[in-house]
Amino acid sequence: MGRKVSAVHAPDDWFIKGGADAQALALALEGQTVVGLRRTGKLLMMDFGHSDGQASAVLGLRFGMTGRLVVDGRAAIEKLEYSSAKVLPEWRRFELGFDDEGTLVIVDPRRLGGVELDPDDTRLGPDAFELAAEQLAAALEGSRTALKARLLDQHRVAGLGNLLVDEILWRIGLDPTREAGALTNAEQERLALGIRSTVAELTERGGSHTGDLHQARVRGGSCPLDGEPLDRRTIGGRTTYSCPQHQH
């Protein structure tokens with residue numbers, strides 16, 4: 001907060017989303033001060049403006065499965081499950097230089113993230129971290145889509161990924177193929193609580209790969225609760241593991 005941007009380095013045009021380019025980012029951000037930081041789901045937003053706190057631009061940052069944020073040479077996360085702890089020059093997809101000689105860099109080996117100028121965060125659903133049962137009920141209402149696919153839809157609930165949803169549904173005993181709109185009120189309340197508690201716990205542990213189900217998510221894996229062989233299916237385009245014994 002309070003740092004002024006002296007330079008924008010965006011060497012990878014593909015990493016810039018929303019129709020902007022490196023020149024547009026430089027024009028919008030150079031000389032501006034970071035006046036706010038916020039997050040909705042998987043979207044981190046930096047508010048830029050003047051010293052009086054008035055915002056003039058917003059930069060959205062998405063990290064995908066392999067992106068990491070490095071500020072002043074220090075990574076917020078040392079290593080990701082599906083990425084690398086290295087910081088190779090060619091993996092530096094986007095960089096802000098500050099007038100105090102500090103830097104903010106996105107390192108992304110597989111280019112699964114991106115930056116966007118003035119992203120439309122109103123298109124995102126409520127944040128999973130503080131999801132209320134009423135909000136979840138609205139997200140599921142009337143849907144005949146598989147429950148897992150609905151939960152992965154960032155327009156319905158923001159912040160849930162493949163590993164997280166498998167972990168949540170496994171913990172509370174719901175089958176991922178259930179019709180999303182067919183859950184009872186009691187199941188919706190249990191699911192909302194399970195989402196909040198699991199997201200909080202795995203965030204504290206260090207990420208979605210630290211779940212209790214994670215090590216068993218392999219071909220031939222067995223449920224850590226009851227030893228039943230896990231079902232392996234594709235739901236919503238994502239590989240899904242669930243227990244046929246206790247998930248209904």
Side-chain angles (χ1 to χ4, degrees), residues 1-13 15-78 80 87 92-108 111-132 135 139 153-161 164 195-196 199-200 202-204 206-208:
M1 294 283 288
R3 305 177 82 176
K4 181 179 289 188
V5 177
S6 59
V8 175
H9 184 54
D12 188 347
D13 288 338
F15 204 72
I16 305 171
K17 311 302 181 182
D21 56 19
Q23 182 178 15
L25 289 177
L27 288 173
L29 303 179
E30 287 181 359
Q32 299 299 308
T33 299
V34 181
V35 297
L37 297 170
R38 51 201 169 93
R39 180 194 60 80
T40 299
K42 301 177 182 181
L43 176 65
L44 176 64
M45 288 167 281
M46 302 178 67
D47 294 319
F48 292 87
H50 307 286
S51 56
D52 60 5
Q54 184 176 0
S56 63
V58 179
L59 181 68
L61 312 177
R62 290 184 175 87
F63 302 97
M65 293 176 61
T66 61
R68 291 189 299 144
L69 191 64
V70 180
V71 179
D72 297 338
R74 297 182 61 182
I77 298 174
E78 290 186 5
L80 293 171
V87 183
R92 297 167 72 101
R93 307 297 178 185
F94 178 79
E95 181 174 344
L96 294 178
F98 299 111
D99 59 359
D100 60 5
E101 298 185 358
T103 57
L104 179 151
V105 182
I106 297 181
V107 178
D108 189 351
R111 304 166 78 211
L112 298 177
V115 297
E116 184 175 358
L117 193 61
D118 297 323
D120 183 7
D121 60 313
T122 64
R123 299 177 64 240
L124 296 173
D127 191 277
F129 203 93
E130 47 192 23
L131 183 69
Q135 293 173 311
D153 184 345
Q154 300 302 301
H155 301 302
R156 306 295 177 176
V157 178
L160 297 179
L164 263 176
I195 289 172
R196 295 194 306 270
V199 169
L202 269 58
T203 298
E204 183 68 23
S208 58

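We're numbering straight along the sequence, starting at 1.
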Quiz item: CG of L59 to CG of L96: how many Å apart, nearest 0.5 Å?
Solution: 6.5 Å
Exercise. Would you name the heavy atoms of P126 and L131 that are closest together and state the gap between them?
Key: CG-CD1, 3.6 Å
Quiz prompt | Any residue meeting side-chain contact (heavy atoms from CB on, under 4.5 Å) with R123, in chain and number order, not counting sequence neighbours | solution = D120, H155
Quiz item: Looking at L160 and A128, what are the two nearest heavy atoms and their distance?
Solution: CD2-CB, 3.7 Å
Quiz item: Looking at CG of L61 and CG of D108, how far apart are the two atoms once the value is rounded to the nearest 0.5 Å?
Solution: 11.5 Å
Quiz item: Distance-only, no hydrogens or angles: does the Q32 side chain make a donor-acceptor pair with backbone N or O of K4 under 3.5 Å?
Solution: no
Self-check item: Minimum heavy-atom distance between S56 and G49, given as atom pair plus value
Solution: OG-CA, 3.5 Å
Quiz item: What is the minimum heavy-atom distance between V157 and A139, and which atoms define it?
Solution: CG2-CB, 4.2 Å
Quiz item: Any donor-acceptor pair under 3.5 Å linking the side chain of S6 with the backbone of G97?
Solution: yes
Practice problem: Starting at OG1 of T122, measure out to CG of L124 and round the result to the nearest 0.5 Å. | Solution: 8.0 Å
Quiz item: Can you tell me if E30 uses its side chain to pair, donor with acceptor, with the backbone of V8 under 3.5 Å?
Solution: yes
Quiz item: With R62, which residues qualify under side-chain contact (heavy atoms from CB on, under 4.5 Å), at least two apart?
Solution: L43, E116
Self-check item: Shortest non-hydrogen separation from G125 to A158 and the atoms involved
Solution: O-CB, 3.4 Å
Quiz item: If you round to the nearest 0.5 Å, how far is OG of S208 from CG of L202?
Solution: 7.0 Å
Quiz item: Any side-chain heavy atom of T103 sitting closer than 4.5 Å to one from V71?
Solution: no
Quiz item: Between V105 and F94, is any pair of side-chain heavy atoms under 4.5 Å apart?
Solution: no
Exercise. Just jot down the side-chain contact (heavy atoms from CB on, under 4.5 Å) partners of R38, sequence neighbours excluded, or say none.
Key: M45, D47, V58, D121
Quiz item: Under a 4.0 Å N-O cut-off, is there an ion pair linking R3 with D99?
Solution: no
Quiz prompt | Closest heavy-atom pair and its distance - M1, L37 | solution = SD-N, 4.1 Å
Quiz prompt | Side chains of T33 and F48 in contact at under 4.5 Å (non-hydrogen atoms) | solution = no
Quiz prompt | Basic-acidic side-chain contact under 4.0 Å: R93, D12 | solution = yes
Practice problem: Measure the shortest side-chain to side-chain distance between I106 and F15 over non-hydrogen atoms and say whether it is less than 4.5 angstrom. | Solution: yes
Quiz item: Distance from L104 atom CG to F98 atom CZ, nearest 0.5 Å?
Solution: 5.0 Å
Quiz item: Are K42 and D127 close enough for a salt bridge, meaning some N to O gap below 4.0 Å?
Solution: no
Exercise. First locate atom CG of L69, then atom CZ of F63, and finally report the distance between them rounded to the nearest 0.5 Å.
Key: 4.5 Å
Quiz item: Are the side chain of R39 and the backbone N or O of G41 linked by a donor-acceptor pair below 3.5 Å?
Solution: yes
